[in-house]
Amino acid sequence: MQFKRRTHTCGELRESKIGERVVLNGWVDSRRDLGGVIFIDLRDRYGITQVVFEPAFNKEAHELAKKLRSEFVISVEGVVRNRPEDTLNPNLPTGMIDVKVDKLIILNEAVTPPFQIKDNIDVNEDLRLKYRYLDLRRSKMQKNLLLRHKVYQIVRRYFDENNFVEVETPMLMKSTPEGARDFLVPSRLHKGKFYALPQSPQTYKQILMVAGYDRYFQITKCFRDEDLRADRQPEFTQIDVEMSFVDVEDVFEIVEGLMKKLFKEVWNKELELPLPRLSFNEAMEKYGSDKPDLRFELEMVKLNDVFANSEFRVFNNTIEEGGIITGLLAKGCGDYTRNQLDVLTNFVKKLGAGGLIWMRVREDGLEAPVAKFFSEEEKQALIKQMNAEAGDLIFIISGQWNKALTIMGNLRLEMAKRMNLIKEDAEPSLLWVTDFPLLEWDDETQRFYAMHHPFTSPRVEDIPLMDSEPAKVRARAYDLVLNGNEIAGGSIRIHDSKLQSKMFEVLGISKEEAEEKFGFLMNAFKYGAPPHGGIAFGFDRMVMLFAGENSIREVMAFPKTSSGLSLMDDSPSTVSEEQLKELHIKLR
RNA sequence: GGGGUCGUAGUUCAGUUGGUUAGAACGUCGGCCUGUCACGCCGAAGGUCGCGAGUUCGAGUCUCGUCGGCCCCGCCA
């Protein structure tokens with residue numbers, strides 16, 4: 001196909017080019033055929049330029065232009081011209097000019113697309129995903145991917161400037177237990193053996209510290225074979241960071257510097273440093289989440305003291321069993337109807353709560369189905385503790401510490417929505433959550449699991465507790481939270497092989513098992529491991545938030561559906577018997 | 001593994017207590033139109049109501065199953 005190389009993109013012509021002869025290439029965004037004159041909006045990723053076909057200017061081009069339809073790929077040659085004054089289009093950067101065409105080449109025709117290529121379309125996401133190449137033509141998607149590109153560049157530049165080395169780590173690695181399910185890759189050369197795709201480059205980056213690279217980063221894909229969410233895909237991108245001879249504060253300093261840059265360059269906002277910090281316990285008891293959204297107040301209140309001697313059996317039992325009674329004050333919601341309250345009760349029950357206690361605060365006291373169970377002193381103490389006034393609504397949930405707080409945390413977010421507390425223009429909330437527990441008890445398997453991962457260092461002063469009260473040991477672990485989303489998490493690692501052995505022991509991992517699964521890492525540590533620590537960012541999630549989107553799919557070029565399917569290329573798919581045979585695999 | 005919700009024209013949706021020929025807008029196609037930019041006007045085509053059973057004289061509508069999308073819980077070191 002003969003066509004002239006473009007002289008300009010569709011986004012760059014301005015009044016200064018009037019009179020110049022230009023060649024533009026692009027897609028037909030829309031056509032307006034007025035009979036005697038045809039207007040085409042020509043589109044590429046740089047913008048839109050209106051090109052005009054007039055029979056008086058060139059009859060042949062005008063005749064051919066009648067055939068043009070949406071998404072045809074064309075090349076036009078003509079003269080830049082100023083528009084008549086009353087036909088300027090202030091909505092387009094190129095709206096002061098148009099191009100009068102005397103030569104049109106149709107480079108490719110296009111069938112009618114299944115949905116219109118424009119912003120603010122209302123199309124089901126599955127259709128967009130099936131025709132992703134059309135969806136990606138929309139300026140909103142182009143904007144998102146260009147933002148993503150910008151963030152890559154800022155991140156790379158920042159770490160480079162701070163002496164970090166970018167190192168690629170393997171995509172085919174050893175399957176490690178503890179944590180998410182691995183995606184497995186069968187080995188053809190080694191019958192019955194499998195590689196795993198990395199859930200994270202964790203072990204490699206620690207080994208790079210042993211190897212003396214001192215400061216490492218990588219922007220890399222990770223894979224986890226778990227169920228999906230709006231902010232979780234089976235393959236996703238992580239900014240992986242590790243540093244030697246550091247403590248928590250050093251990691252924070254580097255990360256805060258990056259966030260300051262991103263806030264400035266993406267949002268043009270000055271981020272104030274140092275970032276606020278909350279301990280895990282505080283975050284849970286005040287906000288019912290380890291990734292609290294602090295764009296609004298609405299704090300939860302611990303009520304164990306208020307009901308310490310309560311006659312109310314539910315509270316009684318909770319306190320006896322070491323649980324928590326947590327309250328939430330919904331300002332001015334005292335007029336909620338029984339029906340609204342039933343909906344909210346249902347909401348918490350679905351999350352596993354036994355029930356939801358609510359009380360309307362009146363001038364003359366508390367109005368609630370359970371009011372009769374409480375003494376006047378308790379009621380007064382409750383009102384005082386909650387800082388409640390007439391016209392308010394109090395919610396109370398009691399139960400096992402983690403569960404009750406998590407459910408109340410969800411109710412907190414739900415109420416924030418209902419009370420419209422998250423304003424469109426609210427300042428973003430970025431903070432550290434620190435002092436996570438090192439271990440988490442699992443009822444099902446009756447053992448402790450590492451909350452972060454088994455290489456996470458406990459706080460030095462808590463090490464003696466590892467034997468006596470493992471659940472109380474705090475980790476040198478931290479999460480970075482933006483607007484209620486965990487965007488990064490990391491820790492200072494164990495670099496001492498004795499402490500690491502202790503950790504495995506607490507986790508119920510035998511010496512033999514540890515040797516088999518993590519022997520290579522333990523072995524490396526024998527040859528001089530520096531103290532080290534690091535962090536990993538959920539890159540997609542971070543870009544999602546910077547883009548103001550609600551799903552990471554909006555900032556990924558080719559995401560999967562929530563059932564893990566790729567609708568465009570129809571994967572996963574079956575494979576041939578020959579392929580299976582080569583891989584020594586028999587389906588059952 | 002569990003819960004919720006949705007599935008009707010190419011697209012987004014409406015469709016009443018189960019009842020005549022399943023509608024609208026946008027898009028598409030054709031005609032007219034020389035300054036439009038949500039072009040306008042006239043006309044037309046376009047439907048396996050996701051799929052499969054069942055109930056019924058009669059099912060887009062009710063029941064069961066199944067497939068798929070989205071959201072959430074579990075899960076995600």
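We use all heavy atoms of the structure for the numbers below, so side chains are in, but hydrogens, waters and symmetry mates are not.
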Atom-pair distance (CG on A:D119; P on B:rU11), nearest Å: 20 Å

Quick check: are there more than 12 heavy atoms from other residues, nucleotides or ligands sitting under 6.0 Å from CG of A:N550? no

Is the distance from OP1 or OP2 of B:rU36 to the nearest side-chain N or O of A:R32 less than 4.0 Å? no

How would you label the contact of A:D225 with the nucleic acid (heavy atoms, under 4.0 Å): base, sugar-phosphate, or nothing? nothing

Is there a donor and acceptor pair, one atom on the side chain of A:D98 and one on the base of B:rG35, closer than 3.5 Å? yes

Regarding the side chain of A:S562, the nearest nucleotide among B:rC37, B:rC71, B:rG35 is B:rC71

Taking the P atom in each of B:rG54 and B:rU17, what is the distance between them to the nearest angstrom? 27 Å

Looking at every strand, decide which applies to A:Q116 at a 4.0 Å heavy-atom threshold: base, sugar-phosphate, or nothing. sugar-phosphate

What distance, rounded to whole Å, do you find between the two C1' atoms, one in B:rG74 and one in B:rA38? 47 Å

Which part of the nucleic acid does A:P114 contact within heavy-atom distance under 4.0 Å: base, sugar-phosphate only, or nothing? sugar-phosphate

Base, sugar-phosphate or nothing for A:L413? Non-hydrogen atoms, less than 4.0 Å. nothing

Whole angstrom value for the distance that separates P of B:rC13 from CZ of A:F115: 14 Å

Please round to the nearest 0.5 Å and tell me the distance separating atom CZ of A:F183 and atom CE of A:M171. 13.0 Å

A:N124 side chain near B:rG7 phosphate (N/O to OP1/OP2, under 4.0 Å): no

Under 4.0 Å between a side-chain N or O of A:R553 and OP1 or OP2 of B:rC71? yes

Which part of the nucleic acid does A:L127 contact within heavy-atom distance under 4.0 Å: base, sugar-phosphate only, or nothing? sugar-phosphate

Considering only heavy side-chain atoms of A:F39, the closest of B:rU36, B:rC75, B:rU34 is B:rU36

Would you say B:rG27 has OP1 or OP2 under 4.0 Å from some side-chain N or O of A:R69? no

Any ion pair linking A:K560 and A:E235 (charged N to carboxylate O, less than 4.0 Å)? yes

Return whichever of A:V52 or A:A450 has its heavy-atom-nearest nucleotide of RNA chain B closer to the 5' end. A:V52

Are more than 12 heavy atoms from other residues, nucleotides or ligands located less than 6.0 Å from atom CH2 of A:W27? no

Quote, to the nearest angstrom, the C1' distance that separates B:rG65 from B:rC76. 32 Å

Residue closer to the 5' end of RNA chain B, A:S551 versus A:R181 (nearest nucleotide): A:S551

Any salt bridge between A:E414 and A:K350, counting N to O under 4.0 Å? no

Applying a 4.0 Å non-hydrogen cut-off, can you work out what A:R31 is touching in the nucleic acid: base, sugar-phosphate, or nothing? sugar-phosphate

Looking across every strand, which nucleic acid part, if any, lies under 4.0 Å from A:D227 by heavy atom: base, sugar-phosphate, or nothing? base

Contact class for A:D86 vs. all strands (heavy atom < 4.0 Å): base, sugar-phosphate, or nothing? nothing

Verify the neighbour count for atom CD of A:E513: are there more than 12 heavy atoms of other residues, nucleotides or ligands below 6.0 Å? yes

